[in-house]
Amino acid sequence: MARMVIIAPMPFERLPFDAETHLADVQMFRQEAFGAVYLIDDDLKAIVETGTSWDADRILEAVRSFGLKPADIDALVVSHIHLDHAGGAGFLLPEMPRAKVYVHPRGLKHLVDPTKLVASAREALGPLEADVFGTMRPIDANRLVSVNDGDRLDLGKHTLVFYDSPGHAPHELTILDEHNRCVYTGDAAGLYFPGDEILMPVTPAPAFDLEKNLETFRRLLGLKPRALLFSHYGPHTKPTAAIEAMMTAYPAWARVVRDKLSSIGEEGVLRELYNMSCRAAKHYPRDFLERRIRVSITGLAAYHERMEHAARTG
């Protein structure tokens, strides 16, 4: 997998509402303000999300520029095991000898042996998009920690509480920081494009489940977070409004795909969903946003097919 990647300076910057929590932009997919990695600089040092395999060197450089050594990192937390969230973990660990990777129980075996996961991603994304998402390295089981619903990770001043949050994927976690009352959303709350203030569903194949995702939204509302810390991308400081908007958008997208895909085709559905969510975009390229939507069309089509099959056979 040889690809020339120019690594631009990517410092961690402190979030305005917490002196110990920092955000770095890994310029994922060569797009600014899309791939977020968070550093919690407490008694124990934690990184939340590890980007793709392409992003690992940028993360290591950001840690060094922050004034830490990679060997100072104690924990890598991945919201779920999709390649743009956990792909970097196996590439970071050789430089982080004491770090453990905290992962949903349903994702652990796939980090030990990612062969099926990488193959599934390649099938769902197609070869060109799959190359952009990178790959994975196997991780020794003794470097992994399986975290269940309600488990806690004490870092010092900050304690992270893990919540099982299915819908986007069955191995999805959201993580509440009890100190600052912010929630790391992974992809459970969709995508946020700051600047354009776009909120977009993300519903990938093969396992997206609308009803479970809506239940996850209800649970997030119950946490009453101060802010949502999106992996794509950054803090959203009106969490209730954001979650309620997504609770409307997800079913609306699902209806469009169910009712119109067979009649107007993928291109027609793409145009309709783009106009529903992105037509005012100025900071993000149209092609980039459309690629995100295409992934969700595929996932919603697969979801409806599963639902129809279950209705026929149930």
Result block: side-chain N/O donor-acceptor pairs under 3.5 angstrom for residues 248-255, not counting sequence neighbours:
from: Thr248; atom 1: OG1; to: Glu244; atom 2: O; distance (Å): 3.4
from: Tyr250; atom 1: OH; to: Gly190; atom 2: N; distance (Å): 3.4
from: Tyr250; atom 1: OH; to: Val202; atom 2: N; distance (Å): 3.2

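Listed by first then second residue, pairs satisfying side chain to side chain donor-acceptor pair (under 3.5 Å) with a partner in residues 305-314 number zero, not counting sequence neighbours. Applying the ring-ring contact (aromatic ring centres under 6.0 Å, His included) test to residues at least two apart or on different chains, the pairs with a partner in residues 97-145 are Phe29-Phe133. Counting only residues at least two apart or in different chains, salt bridge (charged side-chain N to carboxylate O under 4.0 Å, His left out) contacts with residues 174-198 comprise Arg152-Glu178. Contacts classified as ring-ring contact (aromatic ring centres under 6.0 Å, His included) and involving residues 265-302 (residues at least two apart or in different chains) are given here: Phe34-Phe288, Phe193-Tyr284.
Checked by atom type and distance alone, the side chain of Ser79 never pairs as donor or acceptor with a backbone atom of Thr174 at under 3.5 Å. Here the side chain of Lys109 pairs no donor or acceptor atom with the backbone of Arg106 at under 3.5 angstrom. Within the 3.5 Å criterion, the main-chain N or O of His168 finds no donor-acceptor partner in the side chain of Lys212. Formation of a donor-acceptor pair under 3.5 Å by the Ser165 side chain with backbone atoms of Tyr163 is found in this model. Using a distance-only test at 3.5 Å, with no hydrogens or angles considered, no donor-acceptor pair links the side chain of Asn275 to the main chain of Glu272. When atom types are taken as modelled, the side chain of Asp151 and the backbone of Phe162 share no donor-acceptor pair closer than 3.5 angstrom. A donor-acceptor contact shorter than 3.5 Å is absent between the side chain of Asp74 and the backbone of Ala46. The main-chain N or O of Leu15 is never found under 3.5 Å from a side-chain atom of Asp18 such that the two would form a donor-acceptor pair. Of the possible polar contacts, none joining the Asp113 side chain to the Pro138 backbone as a donor-acceptor pair under 3.5 Å is found. Under the 3.5 Å distance criterion, the side-chain polar atoms of Asp154 are left unmatched by any main-chain donor or acceptor of Thr159.
Of all the heavy atoms in Phe17 and Ala227, the pair that sits closest is CZ-CB, 4.1 Å. What you find for Ile81 and Leu117 is that their closest heavy atoms are O-CD2, 3.2 Å. Taking all atoms of both residues into account, the shortest heavy-atom contact from Ile59 to Val26 is CG1-CG1, 3.9 Å. Annotation for Asp41 and Leu68: closest pair OD1-CD1, 4.4 Å, computed over non-hydrogen atoms. In plain terms, the two heavy atoms of Ala89 and Ile139 that are nearest each other are CB-CD1, 3.9 Å. The two residues Ala302 and Ala205 come nearest to each other via the heavy atoms CB-CB, 4.4 Å.
Between Ile73 atom CD1 and Ile47 atom CD1 the span is 4.0 Å, to the nearest 0.5 Å. Atom OG1 of Thr298 and atom CD of Glu129 lie 10.5 Å apart (nearest 0.5 Å). The CG atom of Leu160 sits 11.0 Å away from the CG atom of Leu173 when rounded to the nearest 0.5 Å. Note that CD of Glu20 is 8.5 Å distant from CZ of Arg14, once rounded to the nearest 0.5 Å. To the nearest 0.5 Å, the span separating CD1 on Ile297 from CG on Leu261 amounts to 7.5 Å. Separation of atoms OG1 (Thr203) and CZ (Phe208) is listed at 5.0 Å; rounding is to 0.5 Å.
Between Leu221 and Thr240 the shortest side-chain heavy-atom distance falls below 4.5 Å. Taking the side chain as every heavy atom from C-beta outward, Pro70 and Met96 approach each other to under 4.5 Å.
No more than 12 heavy atoms of other residues, nucleotides or ligands lie within 6.0 Å of CD in Glu123, so this atom counts as exposed by the packing criterion. Taking a 6.0 Å sphere around CZ of Arg98, one finds it holds more than 12 heavy atoms contributed by other residues, nucleotides or ligands.
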Taking it one step at a time, do Val147 and Val77 satisfy side chain to side chain contact (heavy atoms under 4.5 Å, CB included)?
-> CA-CA 10 Å; Val147 287; Val77 177; over 6 Å; no

Step by step, work out the side-chain hydrogen bond (donor to acceptor under 3.5 Å, both in side chains) result for Thr52 and Asp55.
-> CA-CA 5 Å; Thr52 72; Asp55 303 322; 3.0 Å; yes

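Both Leu210 and Val269 are members of a single hydrophobic cluster when ILVMFWY side chains are connected at heavy-atom separations under 4.5 Å.
With no hydrogens or angles considered, a side-chain donor-acceptor pair links Asp84 and His232 at under 3.5 Å.
Checked for salt-bridge contact, Glu267 and Arg294 meet the test: a charged N lies under 4.0 Å from a carboxylate O. Residues Arg218 and Glu215 are paired through a salt bridge, judged by an N-O separation under 4.0 Å between the basic side chain and the carboxylate.
Arg143 meets the salt bridge (Lys or Arg N to Asp or Glu O under 4.0 Å) test with no other residue; sequence neighbours excluded.
Residue His22 is tested with Tyr38, Phe12, Phe66 for a ring-ring contact (aromatic ring centres under 6.0 Å, His included); the sole match is Phe66.
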